[in-house]
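Quick caveat: nothing in here was measured; it's all calculated off a predicted structure. For the numbers below, each heavy atom of this structure counts, side chains included, while hydrogens, waters and symmetry mates do not. Below, chains carry the letters A, B, ... as their sequence lines are ordered, and counting in each starts from 1.
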Protein chains: 2
Amino acid sequence: MQHDQIRPPRGPADPQRRERIITATVDVLLAHGMEGLTHRAVAHRAGVPLGSTTYYFATLDELRHAALQRVVGAYTGYMHAWATELGQPTAVELAEAMTELVCLAIDDFTEHVIVDHELSVASMRQPRLKELACLYSSTTVAVLETLTTPVKARALAAAMDGLSLLGLTSPEPLPRAYVETVFRAILTPDAPNGPDAPHADADTEAP
Amino acid sequence: MQHDQIRPPRGPADPQRRERIITATVDVLLAHGMEGLTHRAVAHRAGVPLGSTTYYFATLDELRHAALQRVVGAYTGYMHAWATELGQPTAVELAEAMTELVCLAIDDFTEHVIVDHELSVASMRQPRLKELACLYSSTTVAVLETLTTPVKARALAAAMDGLSLLGLTSPEPLPRAYVETVFRAILTPDAPNGPDAPHADADTEAP
DNA sequence: CGGATATGTGTACCACAGTACAGATAAGCG
DNA sequence: CGCTTATCTGTACTGTGGTACACATATCCG
């Protein structure tokens, strides 16, 4: 406190250490979920001493929050890019794209989606997580609203969450046709499709 | 082992003790979630000594499983009764009934629904819970299939899960109109409703 | 009624994990 | 080059919680 120092008193030896800790935290979350997130697991993963994790983040809550922020950020970024690439799809195209999206999420981004759901559920009992969970859910609706009408966007968003939940819950993989019929039911009027008569391959029993 | 005893060697002093422990476990789950489920909390709640909880259930997993079974059972029972009472609704009636159902779930059965979601999410990392989580999700679809076409039933089920997730996640209560438009989007063809032009009051921003 | 056996419980052990903090280390300055 | 000060880390403390298990208690049979 001598010279009214304004700049940070000293630069840290490894300026990326904080970042690496967050990254490691995300990795631990993906691998073991909220339940498995511990200071020690993060420290091990990041290759830093245990003390570092509490040095850069006062409490485990803070650390978790920082990591979840990054996860949600990845989601919002991904979704915006996805929508941009889609342009102005027709109803059928959108149904197809959403099917692709959900199947990809379940198959290739399993851990990410699981963490997203864990965040949502955790936010139900921990108000401190509400904000992030809301950002997540509102992003979906906001992005879909650029592709269809507001009402359908809501329905699609809800269905998307429900389907990914189902896909990750059921032991067998969710049939692609199953997913697609749901989105078509929302996006295309009954008439063109036949009054709901299911496609031959779309009638697989719900797992 | 003297007389080849076949009947259970002796009746327990309090034959309802086991049941009371399960009930207490459910209560703890409702109040504090999976995270907060501990032997001690259950014992306290049930008014039994700590040892009892491990006496009747070898492990915490077992206890949790028994309690979740009861929660899911309550859900399936409720849903079947709900569908029975509905009879053969029109599309509009069904949309209304589902709106009522979701709003009621969020407002009056909050803790129950939260536990349901906790079960679903937990089952993603714990295969031992898959079976129960599946029973839960498949019940919804099965019940709805008695009220509408299979494809719409799936869409409704997915949307229902997504909406309750959203309702429990968002800080402000989910507007009733918001919920209803989603179900109407699935259940009623575009034409009669106007091509998706939202109702005046149904356009509340997503929370 | 007394002993044998099933039934139930209080206590203690152990592992895990969040966090505090005394010290170690390194950077700047005179 | 040594002192001061900020930066970092190893270790230890503490609370929590699952589970084991030695004892207590109750039932039944002879």
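Not a single donor-acceptor pair under 3.5 Å links the side chain of S52(B) to the backbone N or O of V48(B). Formation of a donor-acceptor pair under 3.5 Å by the S123(A) side chain with backbone atoms of Q126(A) is not found in this model.
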Query - Footprint string (nucleotides 10-20 of chain D, 5' to 3'): B base within contact, S backbone only, - free, heavy atoms under 4.0 Å - result: BBB----BBB-
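Residues T140(B) and Y75(B) have side chains that bring a donor and an acceptor to within less than 3.5 angstrom of each other. Side chain to side chain, R70(A) and T23(A) meet the donor-acceptor criterion of an N or O pair below 3.5 Å. Side-chain contact, H32(A) with T38(A): no donor N or O sits under 3.5 Å from an acceptor N or O.
One can place CZ of R20(A) at 14 Å from C1' of dC8(D), the figure rounded to the nearest angstrom. Straight-line distance from the CZ atom of F57(A) to the P atom of dC8(D): 13 Å, rounded to whole Å. Y55(A) has its OH atom 14 Å from the C1' atom of dA24(C), to the nearest Å.
Using a 4.0 Å cut-off, some side-chain N or O of R17(A) falls inside it from OP1 or OP2 of dT9(D). Listed pair Y56(B) / dG8(C) meets the phosphate criterion, a side-chain N or O lying under 4.0 Å from OP1 or OP2.
Separation of atoms CG (L50(A)) and NE2 (H39(A)) is listed at 7.5 Å; rounding is to 0.5 Å.
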